[in-house]
Amino acid sequence: MASLIPCPHCGIRPKEEFSIRGDASLVRPDPESSDETWNDYVHIRANPRGRYREHWQHVAGCRRWLVVERDTFTHEVFSVSDGAVRPWETSR
Amino acid sequence: MTAYRLSAGGLVDRSAPLTFTFDGQSMQGFEGDTLASGLLANDRMLVGRSFKYHRPRGIVSAGVSEPNALVTLGLGARSDPNTKATVAELYAGLDARSQNRWPSLKYDVGAVNGLLSPFLSAGFYYKTFMWPAAFWEKVYEPIIRKAAGLGRAVLERDPETYEKCWAHCDLLVIGSGPTGLMAALSAGRAGLRVVLADEGFRHGGSLLSETTPIDGAPAAAFAAAAITELEALPNVTLMTRTTVFGWYDDNVFGALERVQKHVATPSAKLPVERLWRIAARRALLATGAEERPLVFGGNDRPGVMMAGALSTYANRYGVAAGTSVAIFTNGSAGYRTAADLSAHGISVAAIIDSRAESPDVAPSGTRVIRGGSIVDTKGKLRLSGLVVERAGFEEIIDCDAIGMSGGFSPVIHLACQRGAKPLWSEALKAFVAPDVGQGFGVAGSAAGLYSLPACLRDGADKAQAFANDLGFSTSPADLPVVGAEPDPSFTALWYVAGAKSKAFVDFQNDVHVSDLGLALREGFGHVEHAKRYTTNGMATDQGKLSGINATGLLAAMQGISPADVGTTTFRPFYTPVPFGALAGTSRDEHAAPKRVSPLHGWAARNGAVFIDSGLWYRPSWFARAGEKTWRESVDREVLTVRANVGLCDVSTLGKIEVFGPDAAEFLNRVYCNPFLKLPVGKARYGLMLREDGMVYDDGTTSRLGPEHFVVTTTTALAGGVLSHMEYCAQVLWPDLNLRFCSVSDQWAQMAIAGPKARLVVQALVEDDVSNAAFPFLAAKAVTLKGGLKGRLFRISFSGELAYELAVPAGYGEAVADALMEAGRAHGICAYGLEALNVLRIEKGHVTHAELDGRVTPDDVGFGRMLSSQKADFIGKRLSTRFGLTAADRMQMVGLKPIEKDKDIRAGAHLLREGAKPSTLNDQGYVSSACHSPVLGQFIALGFLKSGRERYGEKVVIWDRLRGEETLAEVCSPVFVDPANARLNL
Amino acid sequence: MRYSAFSIVKNALSGNVNWKPAWRQPEPKPFYDVIIVGGGGHGLATAYYLAKEFGVRNIAVLEKGYLGSGNVGRNTTIVRSNYMLPGNEPFYEFSMKLWEGLEQDLNYNAMLSQRGIINLFHNDGQRDAYIRRGNAMWMEGVPAELLDRAALRKMLPYLNFDHARFPIIGGLLQKRGGTARHDAVAWGFGRAADKHGVDLIQNCEVTGIRRENGVVTGVETSRGFIGCGKLGLAAAGNTSRVGQMAGLKLPIESHVLQAFVTEGLKPAINHVITYGAGHFYISQSDKGGLVFGAEIDGYNSYAQRGNLATVEHVMEEGVTMIPGLSRARVLRSWGGVMDMSMDGSPIISRTPIDNLYLNAGWCYGGFKATPASGWCFAHLIAKNETHPVARFLRLDRFERGYPIDEHGAGPQPNLH
């Protein structure tokens, strides 16, 4: 990152084809969860310096939401996967 | 005469003379000259004035590190200020002017600053100009500002064009000197896709000034042969006049190609400059090393130059920078220059070697002063001599040029642009690039290997390693044979003691040794502090010559190692890049795409006055003959809609088709109001929230089948809502079974509104559109007379009986024409955005003027839409936060002036009657306002604290910005037909 | 040593060898009443006002690098108070007023230059929003002027009036807006704080925050443990990392914003100008460089460097706004790490820990706030009481539902 993103559907594409939303490790809480849980989801960010999962959408390509796992300091990209699949959750 | 053209030699084309001018004086040069070599050939050494003291300055270098020889090239809108004469390619008709001098280069009034220099020490302005307070801006700052800058920007429209390209390669080689050429040859022969880029106008780099033979032939001939071979390789791209200026993430490099900067009249068929983004799998930095100036008294006198530059001017350009040249060196390089000059018959007055002993051998007959140092120089606008000191004795030596050689620094700028810190090498007495990994290597002199054979080998080796790394097989490098060469060495010398006049570190910014001393004394000893306090390294050369000496000096003054001082941060760009080249073609009218509706032609034929609205061009109103103001047209359009019927293009609304068994469930979660039970054939107004409970967008959604919906969005958020829905479907609820896609561009959509709308619509549509068969909020696929399939929606933004008819985009204009024809008998008119706005304000309908991202559904009167039945929807949970439900929130209200003839305009604020204007007393603001032709007065929508409780109250509409105050009555935001009777006609 | 024209002459005549260090280089003491983490503009200003206005003695500022090595030395130097929302405008106007007397107060010329800031607008909706903003400024007593196209053409003839994709229809002017020399602001506050006895401790990185019984007792640093009575965090850009040491949950993401400077040019642009059809803004420094920038790169980052695509976009906007910039050469670009908050507005606040205070979330606008941020943070730390103009800048405003969202973009930091 962030000059080139290897989209799992379209191949390596330049950054400007994507839009970025933010932290992909957040999971939308159940409606019954506490106020604090909901506030954390909407407003609180871990904001790590280092490995980070971020939601990027390939707006000028496949239009899929992707999870870009990368380092926020070196900008190295470790993996890019489709946002509907959460390999780190299933492997847990 | 002091500087002159040698009678023979060099790579200039003596059969191609060129005429150019400098400060109006006509001069002769040759094809292959730079402006600097051309100026020297014409005995022009004085070319500029320094920034602060306006000291006379001459050419110092032969490349991009030049701090002094900055000129303005070209005229008028084509002028390029601050151009380095040392890299500007000479062409016939080139017009160069000196800068930062008045009235002339020779007699510059600003030079008085030099006399005041004790008072203008580093950071002096931080310590004074504070009294009296008002004087800084009125008196002092204007004087300082006037002195700012060197060249003049004309700020005229640039007549030239630029473009951008992408390139992809296995290996990018930066620099085509011996290292780069061998690297490109090795990689090219192995089959890699290679890009070889060099900032010069001719490939070869230092080989073009090199006197050591390669394979028994002149070095330049070796370079030419290598280029010939590379040109023949289809997998190699050669780029000259191309500066790789930046290293970005993922080995994407920014490079600037000067396509036509070297021609007097650029062809319109080509860009003048081209920006390249080069995506390289591997890259090799072969940018060589920079010779360091020596910091001695009077080292800025015109005629004091880099030793290597003297060699380059003699060897490559056939120019002698002086008739009698002294060399001041701390290493072997000075001896090489002496040899080069001697070989050209240029007299070498002396070699002053700061070292007491050295193995270096001077050309025969040349005087060598070992253990000597220059403590001062003589001359005014041109060097005339120097004062050398040795063992306590001083001697004056006449000379008109000095070649100084203070050792070498690898050029590692690019390697350190991404956060890696340079490492101090005690062996090399220089900073070198750390291992930056990521397939980016450094080779040759840039890696601290200074001898020619070592460079050739290193280039080949590192390219082969990259080739192997990428899976290419290579054969052993076929290295050319180079005669034995003494290993260049030097002894670090940061400052020459005993200076009798100012010893400059940064020539352009006039930073001298005592400035750095002062910075240190005042606590600004950190290298970044010293830079910022003294401005050392902040000039147009970005410290290419001054940076290392400043570090060395700061270290020496504190008695610590340069390793502990470090360097300032290397940041893009390696050399300056023009705005225009980075912008490319995306400028002016082409700054953003233009979007026009499928009905654009229809609207234009009907007299539309267009206005841009985001990327769209939309009809603002439709002027008719005799209408003198836009208001006349708009009033007529509004009244026609209220009385008869009007036609409005609403094609720009976002349209998203949603299909699937879970489509209803999905919409039910995306909207705050319920959608599960929306019957087939019905439309419903929907409100979409953000997760923080604020309104995001609104629009109508229609159910065309059990598993088929059409969502409409506002024009502005058509893209945003689509992305948001995609996020919800793909990330939040991937288990829901649905698909959707945008069809915004596929349909032309028209609103037909007014009491006679049905007559017009029925004239075109086969299906029964009567109130009984097709009541308010009905929605379905219809067949137009003639068989065209369309969609019809009984929805209304104007509050009138209204339909929206959608037809495939290509049929839009024909259908609009047919509607106008059918409506003619009923008095139809086309209406635009302005009338649409008036109609919706009269009805209290909201747009983005109200839905500005800070309002809740309740703020705009839609609190009841928040479904309490639904377990979940986007924004549900946070919409219950205290601040979002507080009683004193601003709520949308209507506003009417008490005096009917007063106007109200959006952006005004609201105050209680008699209240003093203050942030505390601020009651709200006007979001939308218009003249209502129906009511015959201005009306407005606004947000007022606890507004819905305050109908009937009088408030002041406070528009201090435009000097207006109006008393208004707070009322319901629905001004026309509050019972909505007209909808159901 | 007091700075004055006299001191300059006197020192010049003695060869400039008698100038004294701008500040001491003290060794850290074992305990301070107040420790401020972060020797940038806000941290230094806080320490200065704590000592001067609130009578606190025994203060230290801990800086991991050199003084002013963060965003105060890496910004576009703009000073203004042209905000729209009541949560912001009084605070920034307080700051503006402090700027106006700052140099005399600090005995340091920060080269404040109130040359005027002009926000261009390009359509009716934008115009209405800027008028709302201008009237909000007037509500706070801040003069603002509306400029029409003709006035702008006269004032800024080099703008793109005839070939613009988004025509300029007017502008909002705050005459008191302008620029200040960024480094000098840090140095001026640092020097003045030092004069008031504040220990400025450089090369001292905080690596941990020690808590006992729910209160902070001190900080672990690269130079050992230092105890404190109260701890103030002013480490924008790295707020999350420092906050994490105390277990704070923060509504902040770190983003990179690039800025640029051209080669020195003779004065040509005499205002601060912002582009309404994008994010571009520009001014010209007293040294002649055109200083400019636009939007953040958009992804979370702690790297002080940006992306080429963003660079190009900035230039596109610049050349579209001022066609004559085309041939100006851009000398240098740099990147700063921004504390992007969830509503685009800053935080000066108590925290769930009694003696821990937070100054953060400055997004890309912290420089102009420097004096007021220092003053209000000092007020909060000294009195444990919020300064009236900063009363909306609370950390808990998000959970309570009181965002200060100037852009109306919602809780997605890269949209602000």
Side-chain angles (χ1 to χ4, degrees), chain A residues 1-6 9 11-16 18-43 53-60 62-68 70-77 80-86 89, chain B residues 164 166 168 246-254 277-281 418-420 436-439 586 656 669 689-694 719-720 722-736 739-742 868 870-884:
Chain A
M1 216 269 321
S3 301
L4 302 171
I5 297 294
H9 308 295
I12 297 172
R13 310 298 304 168
K15 172 192 178 283
E16 50 268 46
F18 299 81
S19 72
I20 306 152
R21 183 184 166 107
D23 195 341
S25 59
L26 298 164
V27 179
R28 192 168 183 272
D30 287 340
E32 290 76 30
S33 301
S34 68
D35 284 352
E36 186 181 357
T37 304
W38 270 98
N39 181 60
D40 288 359
Y41 169 67
V42 176
H43 290 128
R53 290 194 189 90
E54 199 169 44
H55 272 133
W56 291 52
Q57 187 186 17
H58 196 185
V59 285
C62 57
R63 292 202 66 88
R64 292 296 296 180
W65 279 93
L66 309 172
V67 176
V68 177
R70 60 185 190 87
D71 188 300
T72 58
F73 184 65
T74 66
H75 289 179
E76 183 183 353
V77 175
V80 182
S81 55
D82 191 279
V85 188
R86 300 183 187 183
E89 283 193 341
Chain B
K164 299 184 190 179
W166 277 91
H168 301 264
W247 177 36
Y248 295 91
D249 293 337
D250 303 314
N251 274 353
V252 170
F253 291 82
R277 268 197 264 172
I278 304 174
R281 295 172 74 195
R418 301 184 64 247
V436 293
Q438 302 168 71
S586 297
I656 301 166
R669 296 184 194 182
L689 308 188
R690 296 190 308 236
E691 201 68 277
D692 67 348
M694 301 293 184
L722 181 66
S723 274
H724 171 65
M725 285 173 54
E726 285 164 336
Y727 181 80
C728 293
Q730 295 171 23
V731 177
L732 298 184
W733 307 307
D735 49 319
L736 290 185
R739 292 289 182 274
F740 53 82
C741 65
S742 165
S868 52
K870 295 200 278 185
D872 191 14
F873 57 84
I874 298 282
K876 175 175 171 134
R877 191 54 179 269
L878 267 69
S879 64
T880 59
R881 284 180 293 165
F882 184 77
L884 273 70

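On a predicted model such as this, the values are computed, not experimentally measured, just so you know. In the text below, chain A, chain B and the rest are named by the order of the sequence lines, each starting its count at 1.
With a 4.5 Å cut-off on non-hydrogen atoms, Arg21(A) touches chain B through its side chain but not through its backbone. For chain B, the nearby part of Tyr41(A) is the side chain; its heavy atoms alone come within less than 4.5 Å. Of the two parts of Arg277(B), only the side chain, counted from C-beta on, holds a non-hydrogen atom closer than 4.5 Å to a non-hydrogen atom of chain A. In this structure, chain B has no heavy atom under 4.5 Å from any part of Thr37(A). Only the side chain of Ala279(B) comes within less than 4.5 Å of a heavy atom of chain A; its backbone N, CA, C and O stay farther away.
Note that the CD atom of Glu691(B) and the CG atom of Leu26(A) stand 11.0 Å from one another [nearest 0.5 Å]. Taken to the nearest 0.5 Å, the CH2 atom of Trp38(A) stands 12.0 Å off from the CZ atom of Arg881(B). Note that CH2 of Trp247(B) and OG of Ser3(A) are 11.0 Å apart. Values are rounded to the nearest 0.5 Å. Distance CZ/Phe740(B) to CZ/Arg63(A): 9.0 Å, rounded to 0.5 Å.
Looking only at heavy-atom pairs under 4.5 Å with chain A, the residue among Asp692(B), Asp735(B), Leu722(B), Asn251(B) that has the most is Leu722(B).
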| Worked check of side chain to side chain contact (heavy atoms under 4.5 Å, CB included) between Arg877(B) and Asp35(A) | CA-CA 8 Å; Arg877(B) 191 54 179 269; Asp35(A) 284 352; 3.0 Å; yes
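The minimum heavy-atom distance linking Ala871(B) with Pro31(A) is given by the pair O-CB, 3.4 Å.
Within the 4.5 Å cutoff, no side-chain heavy atoms of Asp250(B) are placed close to those of Lys15(A). The side-chain heavy atoms of Asp872(B) and Arg28(A), taken from C-beta on, include a pair separated by under 4.5 Å.
Side-chain atoms of Trp65(A) do not come within 3.5 Å of backbone N or O of Cys728(B) as any donor-acceptor pair. Gln438(B) places no side-chain N or O within 3.5 Å of a backbone atom of Glu76(A) that could act as its donor or acceptor partner.
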